[in-house]
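Note that the structure is a prediction, hence the values are computed from the model and not measured. These numbers come from the heavy atoms of this one structure, side chains and all, not from hydrogens, waters or symmetry mates. Numbered from 1 within each chain, the chains take letters A, B, ... in sequence-line order.
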Number of protein chains: 2
Amino acid sequence: MKNHKARAERTDCEKCPLREIKKFRDFGPDELEFVSNFKKGELHTDPGATILVEGSNNPHIYTVLTGWGFRSKLLEDGRRQILNYIMPGDMIGLQGSIMGEMEHSVEALSAMTLCVFEREYMMKLYEKHPDLGYDITWIAATEERILDEHLVSVGRRTALERAAYLLAYLHQKATAVGLAQEECSDLSITQQHIADTLGLSIVHTNKTLRKLAQKDLIIWKERGCEVLNVKGLLQVAGWEGMPEKCRPLI
Amino acid sequence: MKNHKARAERTDCEKCPLREIKKFRDFGPDELEFVSNFKKGELHTDPGATILVEGSNNPHIYTVLTGWGFRSKLLEDGRRQILNYIMPGDMIGLQGSIMGEMEHSVEALSAMTLCVFEREYMMKLYEKHPDLGYDITWIAATEERILDEHLVSVGRRTALERAAYLLAYLHQKATAVGLAQEECSDLSITQQHIADTLGLSIVHTNKTLRKLAQKDLIIWKERGCEVLNVKGLLQVAGWEGMPEKCRPLI
DNA sequence: CGCGGTGTTGACAGGCTTCAAGCTGTGTGG
DNA sequence: CCACACAGCTTGAAGCCTGTCAACACCGCG
């Protein structure tokens, strides 16, 4: 019975709520069993918690189960760039696993639960389940694709376009995994985060967000925003939006 | 004899000049044989040639054997962002292979030769050689790391810092694979390319490069620049440089 | 109550873009 | 041979976008 209780503290992979979402590809029973054994535990964090630190050496890989956060890097004088956001189904720590040392930090924006995997078992995954290995490459390549898009945004779009792009991106990403309904309303974030993502100052970010609000595309609320018109945002950004593809889930 | 001549047109993987470079990890004989069969041919391009087009669906994956080029994306109105540069040992087309459609273009800056692989054999690679599968994930994760760094640069560094970062990056990357000796001199590139990488206008890029030249860090020549002082560039950029790690080569 | 975090706004300065013109070297065709 | 076009580089001037500084409102919290 003790064992049973210990297991009850974690979500069984067999009952993983994320697998209910049709956006994630189906697993065979043997894959499910392997991943279930691969999973070493769960990590629960508070909002604002730092999960991984730039320069550290963490022996784990994580998959987000609930909540959301972001990856970021710092320059020596404190300037911060937010690289991407992480939401349920996303994997973090892969870079650290492969490069040895984390090259970026990860922070939670809400309370989060993460599935914990051991780096060391990575090689076994590739040996026993080539399709899962392919999935991990898929995940890395997709993250790369998103970063490409962000780089275009920061490099070549105007402040208004960038902001519209980011909010549309977050909205699409969140709704795809059920983090938000039609609105971004329950996604807690400050304008400082937005600014550090867009590569803008906080003052100009504020003024830019107000312009989007004036166009009735969003409503900024305390620590977050509600998206009123995704299509409008996409149009302002000059962006097609993300392809709705089936994706793997480790 | 005909066969022999036909084979002579391509570089045998067993005699691949890149494998001489100690920066690339050693291959076992069975890995070498597999990759050798995986390789379907070679592609030779002129300077300025477009190798992959955004939105197209190309059934190949490539590894750069000689020369260099870049990946880029366009906005609808023609604004261009260069995402990263490709040099010997780099793999391109992986995203297309996994996402189906290319989300960026690839152009040659010099004459190039590329090893051609078939997408379809990818899965077999994962099945037969898990370590090669892991290598491909390694490559994708590393590209992601570089993009993180570029994003920090474009988002948070000043024009001067950005330019210094980029030139130091290119210099390090090129010397690591023997593309350049101590100078970048034989790397042909225009200031328009630099501008599209940094997210700056060409006019301001020109003025920024002159500032670097005034500091005796570089000398701009016709279609390219010579790096006089890498450490100085790194210092201006506030960047540590790239870790000199052993890397895989497919 | 004071305090810190967040959001808002105005004024001003400066970095960067745009416009415009001119220079150089290369190639093409008369 | 020269004229011409073109691509790349350079420079100056004007103006806008964005950053910085500063002040204030609001809110939750100790």
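B:D196 places its CG atom 14 Å from the C1' atom of D:dG8, with the value rounded to the nearest Å. Whole-Å rounding puts the A:Q192 CD to C:dT8 P distance at 14 Å. For B:R210 and C:dG15, the CZ to P distance is 19 Å, given to the nearest whole Å. To the nearest angstrom, P of D:dC9 lies 5 Å from CD of B:Q191. In this structure, NZ of A:K211 is placed 15 Å from C1' of C:dT8, rounded to the nearest angstrom. Rounded to whole angstrom, the span from the CD atom of B:E161 across to the P atom of C:dC16 amounts to 10 Å.
Near-neighbour residues of DNA chain C inside residues 75-85 of chain B, defined by a heavy atom below 4.0 Å, are absent.
Looking at A:S153 and A:H150, their side chains never bring a donor and an acceptor atom within 3.5 Å of each other. Inspection of the B:D196 and B:Q81 side chains reveals no N or O donor paired with an N or O acceptor under 3.5 Å. For the residue pair B:S110/B:S188, the side-chain donor-acceptor check at 3.5 Å is not satisfied.
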- Item | Check against side-chain hydrogen bond (donor to acceptor under 3.5 Å, both in side chains), B:E144 and A:Q95 | CA-CA 8 Å; B:E144 187 190 322; A:Q95 273 189 45; 2.8 Å; yes
- Show your reasoning for whether side-chain hydrogen bond (donor to acceptor under 3.5 Å, both in side chains) applies to B:H193 and B:T190. CA-CA 5 Å; B:H193 292 120; B:T190 69; 3.0 Å; yes
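Figure legend: cation-pi geometry between B:R157 and B:Y165, with NZ or CZ positioned under 6.0 Å from the six-membered ring centre and within 45° of its axis.
Nearest nucleotide to the side chain of B:R223, out of C:dT9, D:dT10, D:dG8: D:dG8.
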- Which letters describe nucleotides 15-30 of chain D, given B = protein heavy atom under 4.0 Å from base, S = only from sugar-phosphate, - = neither? ---BSBB---------
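Taking a 6.0 Å sphere around CD of B:E101, one finds it holds more than 12 heavy atoms contributed by other residues, nucleotides or ligands.
In this structure, A:D77 contributes its side chain and A:R79 its backbone to a donor-acceptor pair below 3.5 Å.
Side-chain contact between A:T113 and A:L43 is absent, with no heavy atoms from C-beta onward closer than 4.5 Å.
Taking only side-chain nitrogens and oxygens, B:N206 never comes nearer than 4.0 Å to OP1 or OP2 of D:dC9.
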